[in-house]
2 protein chains.
Amino acid sequence: MPEEPTSIWMRPERGARGPAPEHSRAQIAAVAIDLAIAGGLAAVSTRQIAKALGTGPASLYRYVATRDDLIDLMHDAVTGEVDLSVPLTGDPVEDLLSLAVRTKDLYLRYPWLLDVPVERNRLGPRAADYLEYALRALQHVPMTGRQKLEAISLLNGLVALFAHIEIQERRTPTARQAAQTAYQAQLAADGRHPLIADAMAHSPLDPPDNARQSFERMTRRLLTGLGLPG
Amino acid sequence: MPEEPTSIWMRPERGARGPAPEHSRAQIAAVAIDLAIAGGLAAVSTRQIAKALGTGPASLYRYVATRDDLIDLMHDAVTGEVDLSVPLTGDPVEDLLSLAVRTKDLYLRYPWLLDVPVERNRLGPRAADYLEYALRALQHVPMTGRQKLEAISLLNGLVALFAHIEIQERRTPTARQAAQTAYQAQLAADGRHPLIADAMAHSPLDPPDNARQSFERMTRRLLTGLGLPG
DNA sequence: CCAATACTGCGATCGATGTTCGCAGTATTC
DNA sequence: GAATACTGCGAACATCGATCGCAGTATTGG
């Protein structure tokens with residue numbers, strides 16, 4: 001009888017019989033998050049986590065069925081850091097905008113979140129609270145349930161896009177980006193891409209105020225574009 | 001003297017000396033793309049490509065320095081499929097919207113594109129043509145070069161988001177998603193997330209017309225929100 | 001014309017990854 | 001106190017990206 005695959009959130013954290021587990025999902029998630037902060041998502045490997053816990057890789061599989069479960073754990077843990085006690089004003093656009101700002105902060109705090117495949121967005125208990133909160137902001141908006149879910153999905157995507165741009169601007173360039181820049185310089189030199197050359201020639205950074213206003217303006221536009229009153 | 005890392009596009013496809021290569025970047029890209037279509041990005045491995053070419057994995061490294069180069073190759077190859085011969089009307093919003101539609105078609109045709117890490121968007125020759133085209137649409141818009149590049153980046157992100165939603169709706173659910181749905185049903189049942197329960201209960205699919213109009217409306221709003229005349 | 005040169009093909013191999021198996025040990029249940 | 005259902009984990013497997021070194025081949029320079 002083959003085990004049918006289920007979400008980690010449907011399995012009990014521990015069974016009722018045997019010895020008490022020496023670790024916990026929360027502890028494993030915390031260790032994994034530390035690894036991700038230090039070395040990106042790619043640095044989150046069963047062996048590294050096991051080493052940090054002082055155990056072997058096989059032990060992890062008592063807590064987690066697969067590496068994806070591990071990422072679910074991490075994702076849900078940091079999602080729980082978003083403050084959902086902020087009271088809703090009743091204005092859907094402003095409420096979601098405020099949530100979007102807090103969400104973007106989360107991305108800036110945990111850049112590896114941007115590397116979590118979107119497809120993989122299974123929601124755990126904390127993400128469910130998040131989603132419930134967002135739906136509460138939309139409670140009296142005349143949209144179908146599916147439309148609301150899509151709107152929230154798009155909103156999160158937009159937040160991720162802005163976060164991505166901000167992070168990229170802030171980080172010191174990697175070897176990859178250096179190579180990229182070199183090739184773009186060559187492109188610019190060959191004369192067949194004058195506009196690329198031009199766009200890259202003089203590029204003053206936007207003042208942070210601009211970026212912030214731009215983010216808020218875009219978010220509002222997205223939301224009203226989706227049919228929210230505003 | 002350690003080889004400094006450079007983009008694949010800066011290295012010549014073949015040297016001037018030795019025997020003629022038995023394969024080519026284009027051929028390798030084509031094989032890799034076939035693998036990606038069949039099994040997703042994860043199925044694109046040096047060994048599988050080598051097998052498809054009837055050679056060993058080590059041989060590939062005569063054409064490509066790293067797996068990322070391989071993905072650059074794939075990305076640039078399919079980017080070349082976007083029709084850039086469509087004449088620009090002079091209306092930036094409409095021109096970019098039209099480009100966005102063609103780009104979304106590309107995503108729908110090659111769903112694995114959504115799994116290519118955004119960070120990794122090194123542009124090759126064909127992507128450069130694409131970018132030049134987009135910049136041409138923005139030529140007479142009063143924005144800094146950086147702002148234009150960010151606008152195009154955001155536009156592509158939005159396109160990817162919509163493509164992602166469309167693909168998700170069209171695909172038959174994976175085991176992952178089934179598990180996800182089961183957990184959501186449980187969430188709905190426990191009564192603490194009434195809005196999630198509600199949103200998932202009755203969810204008629206939007207007619208395609210709606211989705212299409214929604215995409216076009218959102219794109220327009222994004223562009224005007226970024227400061228384009230409209 | 002031929003040696004030096006700079007390339008190509010690729011078998012063998014390395015280190016790291018996710019995951020599985022089986023067994024010894026431990027707490028709960030009947 | 002035996003059956004049961006767990007936990008911990010060493011050993012191992014398949015697969016991955018990547019490297020090394022050598023044999024073979026086309027071009028170059030004298």
Side-chain angles (χ1 to χ4, degrees), chain A residues 1-3 5-6 8 11-25 27-28 31-32 35-36 38-74 115-117 120 175-176, chain B residues 1-3 5-6 8 11-25 27-28 31-32 35-36 38-74 115-117 120 175-176:
Chain A
M1 183 156 169
E3 296 264 347
T6 72
I8 187 175
R11 293 188 297 272
E13 169 136 20
R14 57 161 301 190
R17 279 308 208 332
E22 297 177 2
H23 311 289
S24 69
R25 288 181 182 173
Q27 184 189 5
I28 291 175
V31 166
L35 285 173
L41 249 203
V44 177
S45 72
T46 51
R47 274 166 241 265
Q48 291 306 315
I49 295 176
K51 185 185 295 179
L53 291 173
T55 179
S59 305
L60 276 187
Y61 285 83
R62 291 283 173 215
Y63 301 86
V64 142
T66 172
R67 194 191 118 107
D68 275 1
D69 277 357
L70 207 58
I71 295 177
D72 284 346
L73 242 38
M74 297 167 65
D115 297 329
V116 175
R120 251 214 58 283
R176 253 202 117 63
Chain B
M1 188 154 162
E3 295 265 345
T6 72
I8 187 176
R11 294 189 297 271
E13 170 136 19
R14 56 162 302 190
R17 284 293 221 286
E22 297 178 0
H23 313 286
S24 69
R25 288 180 182 173
Q27 184 189 5
I28 290 175
V31 167
L35 285 173
L41 247 204
V44 177
S45 72
T46 50
R47 274 167 242 264
Q48 291 305 316
I49 295 176
K51 186 184 296 181
L53 290 173
T55 178
S59 305
L60 276 187
Y61 287 85
R62 292 283 174 215
Y63 300 87
V64 142
T66 172
R67 194 190 118 107
D68 275 0
D69 277 356
L70 206 60
I71 295 177
D72 284 345
L73 243 38
M74 298 167 65
D115 298 329
V116 175
R120 251 212 59 281
R176 251 201 120 62

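Every value quoted in this text rests on a predicted model; they were computed, and no experiment measured them. Naming: A, B, ... by sequence-line order, numbering from 1 per chain.
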Next on the checklist: Can you work out whether B/Pro21 or A/Arg17 has the more 5'-proximal nearest nucleotide on DNA chain C?
Outcome noted: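 Checking each residue's closest nucleotide, the 5'-ward one belongs to B/Pro21.
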Distance check needed: [N] [atom2] versus [X] [atom1], whole Å only.
X       : N      : atom1 : atom2 : value
A/Glu13 : D/dA5  : CD    : C1'   : 17 Å
A/Gln27 : D/dG8  : CD    : P     : 11 Å
B/Ile28 : D/dG17 : CD1   : P     : 14 Å
B/Leu41 : D/dC16 : CG    : C1'   : 15 Å

With a 3.5 Å cut-off and sequence neighbours excluded, list the donor-acceptor pairs that the side chains of residues 43-54 of chain A form with protein atoms.
residue: A/Ser45; atom: OG; partner: A/Gln48; partner atom: N; Å: 3.2

Item to check | Protein-to-nucleotide contact annotation, 5' to 3' order, nucleotides 10-19 of chain C [B base; S sugar-phosphate only; - none; under 4.0 Å, heavy atom] | outcome: BBB----BBB
Checklist entry - Which residue, B/Leu70, B/Thr66, B/Asp69, forms the side chain to side chain contact (heavy atoms under 4.5 Å, CB included) with B/Ile8? => result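 Only one of B/Leu70, B/Thr66, B/Asp69 forms a side chain to side chain contact (heavy atoms under 4.5 Å, CB included) with B/Ile8, namely B/Asp69.
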Item to check | Non-hydrogen side-chain atoms of B/Glu22 and B/Thr55 separated by less than 4.5 Å | outcome: no
Next on the checklist: I want to check something: taking the side chain as every heavy atom from C-beta on, are B/Arg176 and A/Asp68 in contact at a cut-off of under 4.5 Å?
Outcome noted: yes
Item to check | Residue pair B/Arg11 / B/Arg25: nearest heavy atoms and the distance that separates them | outcome: O-NH2, 3.1 Å
Next on the checklist: Please give me the minimum heavy-atom distance between B/Ser24 and B/Tyr63, naming the atom from each residue.
Outcome noted: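 Distance-wise, the nearest heavy atoms are N-CE2, 4.0 Å.
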Checklist entry - Which nucleotide in the list D/dA26, C/dT26, C/dG9 gets nearest to the side chain of A/Pro19? => result C/dT26
